Amino acid sequence: MRLNKAVASAIFSSTLLAGSACAQDEPAAESSTTVAKPTFTPTTLKAPFLEQFTDDWDSRWTPSHAKKEDSKTAEDWAYVGEWAVEEPSVLPGMIGDKGLVVKNPAAHHAISAKFPKTIDNKGKTLVVQYEVKLQNGLECGGAYMKLLQDNKALHAEEFSNASPYVIMFGPDKCGATNKVHFIFKHKNPKTGEYEEKHLKSPPVAKTAKVSTLYTLIVKPDNTFEMLVDNASMKNGSLLEDFSPSVIPEKEIDDKDDKKPEDWVDQARIPDPDAKKPDDWDEDEPFEIVDEDATKPDDWLEDEPTSIPDPEAEKPEDWDDEEDGDWIPPTVPNPKCEEASGCGKWEPPMKKNPKYKGKWTPEYIDNPAYKGVWAPRKIPNPDYFEDKTPANFEPMGAIGFEIWTMQKDILFDNIYIGHSVEDAAAFRKETWDVKRPAEDAAEAASKPKLEDKPKSPMDLVFKDDPVKYVKEKLELFITIAKKDPVEAIRFLPEVAGGIGVAVVTVLALLIGAIGLGSSSAAPSKEDIKKTAEKVKEKVVEAKDQAVDAASSGVETAKAEVNKRTTRSSGAAE
C-alpha cells in the first residue's frame, strides 16, 4: 500500500506539471472574490443640476397628479403611480446610496424637479447623464427622462405627457421596441411650430438588473455622442442623423405638374419586326411516350399493387346488418417491392425534343422611350436654414413621465450641465465604484455549475487544476486496471506527464497488486513482457501529449465511455 501511494503521488505531480505546461499560454482563471461595497458620500462637484436623492430630495421633486391629455374619463390615465427614494433591494452596490424608485407596476408615473435656474446651452456643450437600475428587468415600459421647456406654464403638479419638452433621452422597451431614445424638439423659424426629431437607428437598451449609465453629449458644432456604461454606442450629427430632417429640402415636387398623355415610359418593347419561324410548332407537347422503353423481365403484371391486410381483424362490435360487409384495409403488395413493379405496365414519358412552347418576339429598346417621368421641381416655400440646431430652447426642469409593467425601476446620480470632464468625474465617484460590487453580487447569485462534470473527459485544466489531475488520474487507473496499454492510448496527456519509468512501475504495480487480489501473481516473465510493451506505448504517447487535448482525447472519448460502461457491466 505504501508503494501504491508513492506511485500515485508521482503520477499526480508529473501530470500536474504536464497540465501546467499545456496551459501556460492560457490566461489564469480569476478567483471569485467578494468586492467590498463602498459607502455613499455626497459629491462636492457642482453643476447646473446634479441629483443624488439625498434626504432633502422631496424639496426638489414633486409628483404629478394630472391626467394625461388623452384621458377619456376622470379615472382613466391618471398619474396614480407612487414614487419613493430608497436603497436598491436587488444587487445593491453601495451602502447608503438611495435612488428615485417607481413603486407600482402597470401604472402611469410622473414626477419632476425644477432647475435652480434656467439651463441655456446656446454656444455650449450639453451633457446629460444618469443611472438606471432595472431591479425587476424590463419587459414593457420606459425609463427615459425629459428635459422640459422653460415656461410659465410649467407647474410641477400638472406635469404630464402634454408638458412641452426639449429633449427626451433614455431606454424604452416594449414588444418590438427596444432602444435608447434621443428625441429633440426643433422650432421652425418660419412658422414658430415645434417638431420632434427622432434619432435614426438608436442603440439597444440594456435590461440588466445592475446599474446602467446613460450619457448624452451634444456639442455646439451639432455633433452628438451617446454612451452606455461609458462605452460609445452612437455618434453623428443633428443635421444628418435625425428624422424628419432639421432642414427641409430646397426644392419639392410641383403637385400641379401632371404627366403628359403622350409620355412614353416603357423602356423595352416586343420587336415589331420579329416573326415566328415557319418550323415553330406551338402544339408540340412538353413530354411524349418513350417508344424505346421495354417492360422489365421481372415486372409482375398480374399482381395488384395493393392487397388486403392479412393481419387485419374484423372488429368485435362490427354489425354486418348495420355496418355492411366488413372489408379489411389494404397494404402495399410485398411482392411488388421485390420486383420492378406490379399491375399493368405502361411505357414511361420522356422530354419531347421538338417542344418549343409558345412563341414570343424578343424585346428591344423602345425608340420612343422618354425615361421615368417625375414632376418638375419648384422652390420649397417652407425651406429654411438652421445651422445651429444644437442651440436648444432654454430648459427649466427635468421630469420622468413613464408607464411600465415592472416596478422598482431606480434612477440615480443625475448630471445635467456643460462639462464632459465633470460628468466623467461624477461617474468615477459613483457608477465606477458601485458597479463592480453589483457585478460581483450578480455573479455570486447565479446558479453554480455541478461540482462534478458528466465525464472526466470534459474537464479543462485551467478551470480547476487539482480536480483536473485527480479526475484524469482516477480515470487512467480505472482503465489501466483492465488494460494498461489502453489507458496510455486513450489518456496520453496523463501518460506523457507520468514518464516512462513511472508508467512502467504502475503497470507492474497493477499487475502484481491490483490484479493479485483476484488471481494468482504473474510470473517474472509476464511482468517483463508487460513492462516492455508499456514502454513502447509510452514513447509513442509522449509524442502525442502536446496535442492530446484537442485531438486524441476527443477522438477516444466515446470509446472510453463505451469500454468503461462495458467493464462496469461485466463487474456487476
Side-chain angles (χ1 to χ4, degrees), residues 35 37-43 49-58 60-64 79-113 128-146 168-174 178 180-181 205-216 227-230 398-416 423 426-427 429-442 445:
V35 177
K37 293 180 184 177
T39 300
F40 172 74
T41 302
T43 185
F49 184 79
L50 196 151
E51 181 62 78
Q52 293 189 285
F53 297 100
T54 49
D55 291 340
D56 58 344
W57 71 275
D58 54 359
R60 296 180 294 276
W61 291 84
T62 304
S64 172
Y79 292 102
V80 296
E82 298 176 353
W83 298 87
V85 168
E86 58 191 26
E87 293 186 46
S89 58
V90 178
L91 304 176
M94 182 179 287
I95 299 172
D97 184 29
K98 297 179 180 179
L100 180 66
V101 181
V102 172
K103 296 304 295 180
N104 310 100
H108 292 267
H109 293 71
I111 192 170
S112 63
V128 181
Q129 180 173 283
Y130 73 119
E131 296 174 13
V132 178
K133 186 176 178 67
L134 306 171
Q135 299 186 81
N136 292 314
L138 186 64
E139 293 299 325
C140 185
Y144 45 80
M145 66 159 62
K146 290 181 178 180
M168 186 170 124
F169 171 59
D172 188 15
K173 180 180 184 296
C174 194
N178 185 5
V180 181
H181 286 293
K206 290 194 174 183
T207 57
K209 297 181 180 180
V210 294
S211 295
T212 300
L213 185 70
Y214 292 96
T215 307
L216 170 65
L227 299 93
V228 180
D229 288 346
N230 199 36
I398 177 177
F400 292 98
E401 188 267 320
I402 58 177
W403 180 90
T404 176
M405 285 297 296
Q406 280 70 47
K407 64 176 182 177
D408 292 335
I409 298 175
L410 183 146
F411 304 104
D412 199 6
N413 296 319
I414 304 171
Y415 173 95
I416 302 172
F426 190 42
R427 183 203 76 230
E429 292 180 9
T430 54
W431 186 82
D432 279 4
V433 294
K434 77 162 69 168
R435 179 61 183 267
E438 293 181 354
D439 289 337
E442 183 180 46
S445 66

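Quick caveat: nothing in here was measured; it's all calculated off a predicted structure.
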Tell me, yes or no, whether the heavy-atom count around Glu82 atom CD, taken from other residues, nucleotides or ligands under 6.0 Å, exceeds 12. no
Does atom CG of Asp55 have more than 12 heavy-atom neighbours, drawn from other residues, nucleotides or ligands, at distances under 6.0 Å?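 No, not enclosed.
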[X] versus [Y], closest heavy-atom pair with distance:
X      : Y      : answer
Lys103 : His109 : N-NE2, 3.9 Å
Thr39  : Met94  : C-CG, 4.0 Å
Gly93  : Pro38  : O-CD, 3.2 Å
Ala107 : Gly81  : CB-CA, 4.2 Å
Phe53  : Glu51  : N-OE2, 2.7 Å

Approximate separation, where rounding is to 0.5 Å, of [X] [atom1] and [Y] [atom2]:
X      : Y      : atom1 : atom2 : value
Phe40  : Glu429 : CZ    : CD    : 10.0 Å
Leu410 : Lys98  : CG    : NZ    : 12.0 Å
Glu139 : Leu134 : CD    : CG    : 10.5 Å
His181 : Leu216 : NE2   : CG    : 13.5 Å
Thr43  : Gln52  : OG1   : CD    : 5.5 Å
Asp172 : Leu138 : CG    : CG    : 8.0 Å

Test Asn413 against Trp431 for side-chain contact (heavy atoms from CB on, under 4.5 Å), laying out the working first. CA-CA 8 Å; Asn413 296 319; Trp431 186 82; 6.0 Å; no
Whether [X] side chain and [Y] backbone form a donor-acceptor pair below 3.5 Å:
X      : Y      : value
Glu442 : Lys209 : no
Glu438 : Ser211 : yes
Gln129 : Tyr415 : no
Trp61  : Ile111 : no

Kindly assign one of parallel, tilted or perpendicular to the pair Tyr130 and Tyr214, based on the angle between their ring planes and the thresholds 30° and 60°.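 The arrangement is tilted - the two ring planes meet at 30° to 60°.
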Give the ring-plane orientation class for Phe400 versus Trp83, where under 30° counts as parallel, over 60° as perpendicular and anything between as tilted. tilted
Below 4.5 Å, heavy atoms only, C-beta onward: do [X] and [Y] meet side chain to side chain?
X      : Y      : value
Leu213 : Arg435 : no
Thr207 : Gln406 : no
Asn104 : Lys407 : no
Val90  : Asp408 : no
Val180 : Phe169 : yes
Phe411 : Val132 : yes

Between Glu401 and Tyr79, is any side-chain donor less than 3.5 angstrom from a side-chain acceptor?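 Judged by distance alone, the side chains do pair up.
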Are the charged groups of Lys133 and Asp97 less than 4.0 angstrom apart, N to O?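 No, this pair does not count.
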Run the side-chain contact (heavy atoms from CB on, under 4.5 Å) test on Met145 and Ile414 for me, step by step, so that the C-alpha distance in whole Å, both residues' side-chain angles and the decisive distance to 0.1 Å come before the verdict. CA-CA 10 Å; Met145 66 159 62; Ile414 304 171; 4.0 Å; yes
